[in-house]
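Working notes for the structure below.
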Amino acid sequence: MEKKLDLRVQKTYKALLKALYDLLCEKSFDDITVTELCDRAETRKATFYKHFGDKRELLTFMIKEMQRTSKEENQLVYDVRQPQSYYVGVFRYFLNFLDENEKFTRQILTSNASPVVIDLLSEQMEADLRSHMKEDMARGIELPVEANMLAVSYTGAMVYCGCWWICQNKPLDKEIVIAHFSRLIMKM
């Protein structure tokens, strides 16, 4: 909800996002209908379609909101003297989200929507990382490789390591996974 929205619209978005989240904890994305979303959110279908074309657009909006929240939280702990701390922070936020929302995450990753969600998440994460890298370069920080390539590499590592970690029932302690990722990018 980047720009300031009317209070009614904010309430509608919040209700629809909560309904989607709750339904995703219960069933596959593929089995959720717009009617069900609207009933759960106590929102009319006409209102839903005024803001979203379909349930995938709502899911896209949800991912963008999570990404915005991640960026805001990460900016609070980012240490400009250690540029890699931003990327470690993004990865930490992602793993924390997966850990705290395990049922939700598993439902998405086992649905037919999984490739779409992974693509949307990757697209958003990559754009954020690329933007941050450009800010770093403007501050005189030299990147070890071209920014677009580095953003794609970090994104792939974060998304697929996170999905592996949660789908394999967290075979390593979360802090160990984060430490491994941190060591990996500190060498770049």
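For clarity, every value in this text was computed on a predicted model and none was experimentally measured.
In this structure, the side chain of D30 engages the main chain of N112 through a donor-acceptor pair within 3.5 Å. Formation of a donor-acceptor pair under 3.5 Å by the S114 side chain with backbone atoms of T110 is not found in this model.
For R81, the side-chain hydrogen bond (donor to acceptor under 3.5 Å, both in side chains) criterion is met by D79, not counting sequence neighbours. Under the salt bridge (charged side-chain N to carboxylate O under 4.0 Å, His left out) criterion, E142 pairs with no residue, sequence neighbours left out. Take I108 and apply the side-chain contact (heavy atoms from CB on, under 4.5 Å) test, not counting sequence neighbours, and it matches L24, F104, V117. Every residue was checked against the side-chain hydrogen bond (donor to acceptor under 3.5 Å, both in side chains) condition with T33, not counting sequence neighbours, and none meets it. With sequence neighbours excluded, the residues satisfying salt bridge (charged side-chain N to carboxylate O under 4.0 Å, His left out) with K27 are E36. Legend: residues meeting side-chain hydrogen bond (donor to acceptor under 3.5 Å, both in side chains) with E126, ordered by chain and number and at least two apart, are R130. In this structure E73 satisfies the salt bridge (charged side-chain N to carboxylate O under 4.0 Å, His left out) test with no other residue, sequence neighbours excluded. Under the rule for a side-chain hydrogen bond (donor to acceptor under 3.5 Å, both in side chains), the partners of E146 that lie at least two apart in sequence or sit in another chain are N148.
Ring geometry for Y93 against F97 counts as parallel: the plane angle stays under 30°, on a 0 to 90° scale with 60° as the upper cut.
Counting heavy atoms of neighbouring residues, nucleotides and ligands inside a 6.0 Å radius, atom CZ of R8 does not exceed 12 of them. Counting heavy atoms of neighbouring residues, nucleotides and ligands inside a 6.0 Å radius, atom CE of M137 exceeds 12 of them.
Between atom CG of residue L129 and atom CE of residue M133 there is a gap of 5.5 Å, rounded to the nearest 0.5 Å. One distance of note links CG of L109 with CD1 of I118; it measures 5.5 Å at 0.5 Å rounding. One finds the CG atom of L120 at 12.0 Å from the CE atom of M62 (value rounded to the nearest 0.5 Å). Taken from CG in L98 to SG in C163, the straight-line distance is 6.5 Å, to the nearest 0.5 Å. One distance of note links OG1 of T105 with CD1 of I166; it measures 6.0 Å at 0.5 Å rounding.
Applying the ring-ring contact (aromatic ring centres under 6.0 Å, His included) rule to pairs touching residues 121-152 yields Y78-H132, Y86-H132, Y87-H132, sequence neighbours excluded. Note on residues 165-176: pairs passing side-chain hydrogen bond (donor to acceptor under 3.5 Å, both in side chains), not counting sequence neighbours, are R92-E175, N96-K174, D99-K170, D99-K174, E102-K170, R106-N169. Among pairs with a residue in residues 24-43, none fulfils ring-ring contact (aromatic ring centres under 6.0 Å, His included), at least two apart in sequence or across chains. Residue pairs satisfying the side-chain hydrogen bond (donor to acceptor under 3.5 Å, both in side chains) criterion with at least one member in residues 46-59, sequence neighbours excluded, are listed as follows: Y13-H51.
Grouping the Ile, Leu, Val, Met, Phe, Trp and Tyr side chains by contacts below 4.5 angstrom, directly or via other members, places F61 apart from L7. There is no path of hydrophobic side-chain contacts, each under 4.5 Å, that joins I141 to V88. Hydrophobic clustering places L150 together with Y160 (ILVMFWY residues linked when any side-chain heavy atoms are closer than 4.5 Å, directly or through intermediates).
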Original post:
Does the side-chain contact (heavy atoms from CB on, under 4.5 Å) test come out yes or no for R139 and D136, once each step is laid out?
Top reply: CA-CA 5 Å; R139 285 194 298 272; D136 278 350; 2.3 Å; yes
